[in-house]
Each structure stands twice: as C-alpha cells, then as structure tokens.
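Have a look at the structure below, then the notes.
Atom set for the values below is all heavy atoms of this structure, side chains included, hydrogens, waters and symmetry mates excluded.
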Amino acid sequence: MSIATIGAFAIGEYPEGVAVMLFYAVGEVFQSMAVTRAKGNIKALLDQRPDEVTIMDSNQPKTIKAKEAKVGDVIQLKPGEKLALDGELLSDSASFNTAALTGESKPDTKNKGEVVLAGMINMNSIALVKITTAYEDSKLSKILELVQNATAQKAPTELFIRKFAKVYTPIVVFLAIGITLLPYFFVSDYQFRDWLYRALIFLVISCPCALVISIPLGYFGGIGAASRNGILFKGSNFLDSIAEIQNVVMDKTGTMTEGVFKVQEVSINPDFNKDEIMQLVNLLESKSTHPVATAIHNYAGDINYSIPMENVEEIAGHGLKATVNGKELLVGNFKLMDKFNISYDINHANIVYTVIAVAYDKKFAGYITIADSIKADAKETVDNLHKMGVKATMLSGDKGTVVKYVADQLGIDNAFGDLLPEDKVNKVKEIKAKNQTVAFVGDGVNDAPVVALSDVGIAMGGLGSDATIETADVVIQDDKPSKIPMAINIGKQTKKIVWQNIILAFAVKAVVLVLGAGGLATMWEAVFADVGVALLAILNAVRIQRMKF
C-alpha cells in the first residue's frame with residue numbers, strides 16, 4: 001500500500017494515493033477497535049481469582065493480599081467465600097462446595113483438623129482455617145501451572161490469510177517491478193511513466209488489502225456477536241475450530257445441572273402422616289449445617305420450633321438422631337438404619353439420587369431423595385447438537401447411576417460416571433484416536449487437563465473454576481448449556497462470511513486485472529478493486545454482529 005501511494009504521488013495521481021491510504025486507515029481503525037474490545041472482555045473475565053483473604057490478627061479480622069498470607073495465619077472464611085490457600089480447619093465443622101476441585105455434586109462436610117483446599121467455597125457458617133501451604137504452593141496454583149504448560153503444547157491454528165499474505169505479497173511486489181522495468185527490453189516506444197502507472201494499477205488491484213482487513217474483522221465480528229450472547233472466544237482461530245466440531249463431551253455437575261441441591265421426591269409410608277414426618281425432619285435437620293438441611297428446609301417451609309425435641313445427636317458419616325415425645329427419630333443414610341436395626345424394603349442402590357432415610361418410633365417411615373436439578377435448557381442443548389450432526393457424550397466423577405439417569409433424560413449418546421480426571425483425559429483421547437474433533441465443556445478444576453487436551457475447550461464461566469476458565473478456548477459467561485450449540489453456529493456463520501469475502505475479493509480482482517491487461521482499467525478501477533472491495537467486505541463482516549442466533 002505504501003509503494004502504491006508513493007508511486008501515485010510520484011506520477012501526480014494525488015487523489016488516488018490519498019484514497020488508498022484513507023480507506024486503508026479507516027479499515028485499520030475498525031480492526032483495532034474490535035481487537036481492543038475483545039481483549040478487554042477476556043481480561044475482565046479472567047480476573048476472578050480471590051486476591052485477598054481475611055486473617056485474624058489479635059482476634060480482629062484484617063484483610064490482606066492472599067500472596068502476603070503466611071503459613072500459620074488463621075483465615076476467617078465467610079459463607080459464599082472461596083478459599084485462597086490450602087489449610088487445616090479450626091472450626092468444629094463446616095460444609096464446602098468442592099465441585100470446582102472434585103467435580104462431585106454432593107457438598108463435603110469437613111470436621112476440625114481436616115485438610116481444606118484452595119478453591120473450596122464455604123457454604124453455611126463462618127469457618128476458621130489455619131494456613132498450612134504458601135500461596136504459590138497451593139493445590140490450585142499447581143493445577144494452574146500444569147494447565148499453562150499443557151496449553152503451551154497446543155499448536156495454535158494459523159489463519160489462512162496470514163499464510164497467504166506472507167507468500168503472496170512479496171510475489172506481487174516483484175511482479176509490479178517487473179511490469180515497470182522489463183518492457184524496456186521488449187517495447188520500442190517504452191515510456192517509463194506509462195508502465196509505472198500500469199504497474200501501480202496492477203499493484204493496487206493485487207494488494208490483499210480487502211483480505212488483510214476484512215478477514216480479521218470477520219473473525220472479530222464473530223467474537224463480538226458471541227460476546228453479546230454471553231460467549232467469549234479467546235481467539236479468532238477458535239471460531240474456525242468450533243465450526244468443525246464433531247463431538248461435544250460435557251461434564252455433568254454445574255454444566256448440564258444447576259449445582260444446587262433440591263428435594264426431588266418424598267416417599268412416606270401410608271402408616272405415617274406425611275406432613276408430621278416432614279415437620280419433624282425439617283426441625284431435626286435445622287440442627288445441622290449440612291447443605292442437605294437447606295434443601296429440606298426449602299422444600300418443607302417454616303420450622304415448627306414448638307415441637308419438643310431432645311437429645312439431638314449427630315452421628316458422623318450416618319446422620320442425625322433425636323427424641324420426640326419419647327420416641328426415637330432417625331434421619332440420615334441407610335447405614336444409619338442398619339446401625340439401629342431398622343428394617344426396610346427399599347433397594348436404595350437403584351435410586352439414582354442422594355437418599356435421606358427416615359425412621360420414627362423404631363419403624364421405617366420412608367425416604368427423601370435430594371439431587372442436583374437438570375438445567376432448564378439442557379434438553380434443548382442436546383437436541384440442537386443432534387440437529388447439527390454433533391454427537392454428545394457425558395463424562396462425570398459423579399455416581400454412575402446419577403450420570404446415566406441425567407444422560408437418559410437429555411438424550412445424550414454416551415455417558416460415563418465414577419471417573420477420575422485422568423479417566424476423562426483417556427476417554428477424550430479415545431475419541432480423538434478416531435480422527436474426530438472434540439469440544440469439551442466443563443467447570444471444575446478437575447476438568448482443566450481435559451479442556452486443555454481437546455480441540456476446543458469450553459468453560460462455564462459463572463460457577464466455573466479459575467483454572468478451567470483460564471485453560472478454556474471458549475467461556476460461556478452465564479453457565480447456560482444452550483450457548484454450546486449457539487457457539488458452534490456462530491463459528492459456522494463466521495467461517496461462511498469469511499469465505500464470502502475471500503471469493504468476493506478474488507473475483508473482483510480477477511475481472512479488473514483482465515481489464516487492466518487490456519488497457520481498459522484506470523487507477524480508479526484499481527482503487528475500487530482494492531479499497532472498494534475492502535469496504536464491501538468490511539460491511540459484510542460487520543453483518544455478523546447484527547445476526548440473531
């Protein structure tokens with residue numbers, strides 16, 4: 001573009017020279033604005049790790065930087081806060097959401113003296129944690145480091161235009177020099193100015209300006225359209241990759257399910273009054289900090305504190321025991337029923353949910369099932385993937401029966417439960433061994449290695465762990481699985497528009513080159529063939545941002 005402009009000035013074609021650079025500059029401004037916006041979105045999203053901790057200094061809470069916290073300091077962790085460092089629990093007990101680390105949907109109750117890890121989220125009451133590991137040595141920090149190394153090994157997809165321009169541009173420049181100088185040896189009435197003018201026409205027509213500007217704009221248009229729909233692509237090459245996806249492999253907890261416990265079924269024997277039993281269970285569970293108690297309370301409603309309840313006892317790993325009106329009340333798992341010799345005729349192994357058994361007055365009263373509920377748009381997600389010809393597979397660390405049940409409800413092609421992080425990696429490797437492309441969708445830290453391995457890694461950004469968000473190529477900011485097929489569709493539409501621009505640019509340039517060779521095209525036609533087509537291509541590229549997906 002510089003050579004063409006200087007050449008135009010040299011032979012007095014000032015308007016053409018100005019037009020070439022002006023339109024080129026306008027295109028560059030559009031491009032840089034799109035790039036800056038996309039980078040800003042990525043930076044804002046990734047800046048989510050807990051940077052500060054509240055430590056107890058002379059029994060007074062004091063907020064400091066997480067990196068400044070020392071081994072031996074005591075952290076005060078409020079409900080809903082994420083732990084920034086590994087440590088030992090000082091409180092009698094506390095309940096943690098460990099889904100980000102383990103992928104398990106069931107919250108974990110820790111007792112005094114037990115190890116708690118960075119990334120765990122405190123659920124109910126204020127907890128005190130004594131730091132045992134430095135910030136940079138924490139489990140979460142090590143996983144992040146592993147993830148960064150894994151990501152560095154993934155070869156980035158180079159965009160077509162970069163390879164093309166690298167070879168094409170020097171060839172065009174040398175041809176233009178040849179058009180200017182070589183006729184001297186073959187033409188009798190050689191006029192330097194005329195041949196220079198023709199060379200400049202050739203140079204301007206041949207310049208890949210339309211491609212260099214419009215193609216990145218097409219990709220950033222796709223990134224912009226995706227970001228407005230709550231989907232963040234970390235690079236334009238991932239739009240290309242996702243358009244070719246043949247398999248979507250997904251985690252269960254927090255990806256296709258809510259990650260929030262709810263009562264699914266209450267089965268009380270007819271010999272008992274259901275309302276009375278639920279009131280007793282609600283009151284007894286109110287003595288516990290376990291998240292199951294919250295689910296039961298949300299289902300049963302207000303607690304009746306007027307019921308006389310005595311001798312409340314929590315039996316570790318089993319459940320709760322109390323005395324009501326002189327009668328024994330037991331609420332817990334079936335191990336609790338066995339411990340107190342309560343007979344029951346339920347095959348609880350076949351129940352896909354977490355089961356809370358209830359016994360009253362030495363008799364089995366029934367059970368309550370509690371589970372993660374499936375996201376409202378999960379079924380629609382799988383249906384849309386199938387319409388696109390994409391296979392859906394579910395991999396989870398959760399109980400096999402739970403995974404199978406969820407997969408059957410959603411119509412997922414293949415489902416595997418009871419998996420460790422390395423098992424997930426092996427399952428994805430099996431699919432890739434068949435020369436098929438894989439997108440993996442997850443939210444837990446345990447998903448980070450498999451996200452890094454897949455062709456396109458997709459993270460749930462709302463509840464997702466920082467490690468997975470940083471590893472992923474695509475981040476769904478509002479945790480809706482329906483955005484997965486939408487992301488694939490945006491990739492396909494972006495690729496379509498990019499190829500429309502490539503074909504448009506080459507077709508117009510070919511026509512004008514033929515006219516130029518016949519002496520019928522002037523510099524103005526050349527400017528249109530380059531800058532005019534570039535502007536048309538830019539308008540086409542911007543069109544994707546107005547599309548509805």
Side-chain angles (χ1 to χ4, degrees), residues 77-81 89 91-99 105-112 121-128 257-337 339-340 342 344 346 348 351 353-373:
L77 198 65
K78 295 172 189 169
E81 277 190 328
L89 187 65
S91 304
D92 290 335
S93 69
S95 211
F96 292 91
N97 178 342
T98 63
S105 55
K106 189 176 180 180
D108 196 1
T109 299
K110 297 287 186 184
N111 296 312
K112 188 172 182 176
I121 299 170
N122 185 23
M123 296 195 68
N124 290 336
S125 52
I126 289 176
L128 296 177
T257 63
E258 296 284 359
V260 178
F261 277 82
K262 289 179 183 174
V263 171
Q264 302 295 314
E265 181 192 359
V266 177
S267 177
I268 303 297
N269 293 344
D271 300 344
F272 293 88
N273 182 313
K274 180 180 175 181
D275 291 338
E276 181 190 352
I277 291 295
M278 286 308 296
Q279 278 193 344
L280 295 177
V281 171
N282 196 18
L283 177 59
L284 180 55
E285 286 285 356
S286 71
K287 313 292 183 187
S288 168
T289 58
H290 200 282
V292 164
T294 308
I296 289 173
H297 172 64
N298 290 339
Y299 176 84
D302 294 337
I303 298 165
N304 184 356
Y305 290 104
S306 65
I307 299 171
M309 187 170 281
E310 302 168 329
N311 306 323
V312 176
E313 181 187 349
E314 182 161 356
I315 301 165
H318 291 73
L320 297 163
K321 172 178 174 283
T323 306
V324 181
N325 298 323
K327 298 173 183 176
E328 187 181 70
L329 173 68
L330 299 170
V331 179
N333 54 31
F334 280 89
K335 284 190 287 182
L336 182 68
M337 301 294 111
K339 185 180 176 73
F340 286 88
I342 306 294
Y344 51 87
I346 302 291
H348 58 87
I351 300 173
Y353 300 130
T354 302
V355 185
I356 308 298
V358 183
Y360 187 47
D361 194 18
K362 302 288 183 183
K363 294 174 187 172
F364 181 68
Y367 63 88
I368 303 162
T369 60
I370 294 176
D372 223 353
S373 55

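Counting all heavy atoms, side chain and backbone alike, Ser95 lies closest to Asn122 at O-OD1, 3.5 Å. Residue Ser286 comes nearest to Ile303 through the heavy atom pair CB-CD1, 3.4 Å, listed as atom of the first residue, atom of the second, then distance. Here the closest heavy-atom approach between residue Lys78 and residue Ile126 is recorded as CA-CG1, 4.3 Å. The two residues Ile296 and Ile368 have their closest heavy-atom pair at CD1-CD1, 4.5 Å. When all heavy atoms are compared, the tightest approach of Ala127 to Ser91 is CA-OG, 3.5 Å. Shown here for Leu284 and Leu320, the closest heavy-atom pair between the two residues is O-CD1, 3.6 Å.
Every residue meeting the side-chain contact (heavy atoms from CB on, under 4.5 Å) condition with Lys262, not counting sequence neighbours, appears here in chain and number order: Gln264, Ser373. Annotation: side-chain contact (heavy atoms from CB on, under 4.5 Å) contacts of Glu310 (sequence neighbours excluded): none. Considering only residues two or more places apart in sequence or on other chains, Asn298 meets the side chain to side chain donor-acceptor pair (under 3.5 Å) condition with none of them. A search for side-chain contact (heavy atoms from CB on, under 4.5 Å) contacts involving Asn325 returns Pro308, Tyr360, not counting sequence neighbours. Lys110 is linked by a side chain to side chain donor-acceptor pair (under 3.5 Å) to Asp108, counting only residues two or more places apart in sequence or in another chain. Under the rule for a side-chain contact (heavy atoms from CB on, under 4.5 Å), the partners of Asn333 that lie at least two apart in sequence or sit in another chain are His318, Lys335, Leu336. Tyr344 pairs by the ring pair (Phe, Tyr, Trp, His ring centres under 6.0 Å) definition with Phe334, Phe364, not counting sequence neighbours.
In this structure the side chain of Tyr299 reaches within 4.5 angstrom of the side chain of Val266, judged on heavy atoms. The closest side-chain heavy-atom distance from Ile315 to Phe340 is below 4.5 Å. Put simply, the side chain of Val324 does not reach to within 4.5 Å of the side chain of Leu283, judged on heavy atoms. In this structure the side chain of Val358 reaches within 4.5 angstrom of the side chain of Leu329, judged on heavy atoms.
Within the 3.5 Å criterion, the main-chain N or O of Gly301 finds a donor-acceptor partner in the side chain of Asn282. When atom types are taken as modelled, the side chain of Thr369 and the backbone of Glu265 share a donor-acceptor pair closer than 3.5 angstrom.
Atoms NE2 and CD1, on His348 and Ile356 in that order, are 12.5 Å from each other to the nearest 0.5 Å. The line from NZ of Lys112 to CG of Leu128 is 10.0 Å long, rounded to the nearest 0.5 Å. Atom CG of Leu89 sits about 8.5 Å away from atom CG of Asp92, to the nearest 0.5 Å. The OG1 atom of Thr109 lies 7.5 Å from the CD atom of Glu314; values are rounded to the nearest 0.5 Å.
Residue pairs meeting the salt bridge (charged side-chain N to carboxylate O under 4.0 Å, His left out) criterion with at least one member in residues 356-368, sequence neighbours excluded, are Glu328-Lys362.
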Any chance you could lay out the side chain to side chain contact (heavy atoms under 4.5 Å, CB included) test for Leu77 and Phe96, step after step, and finish with the verdict? CA-CA 11 Å; Leu77 198 65; Phe96 292 91; 3.9 Å; yes
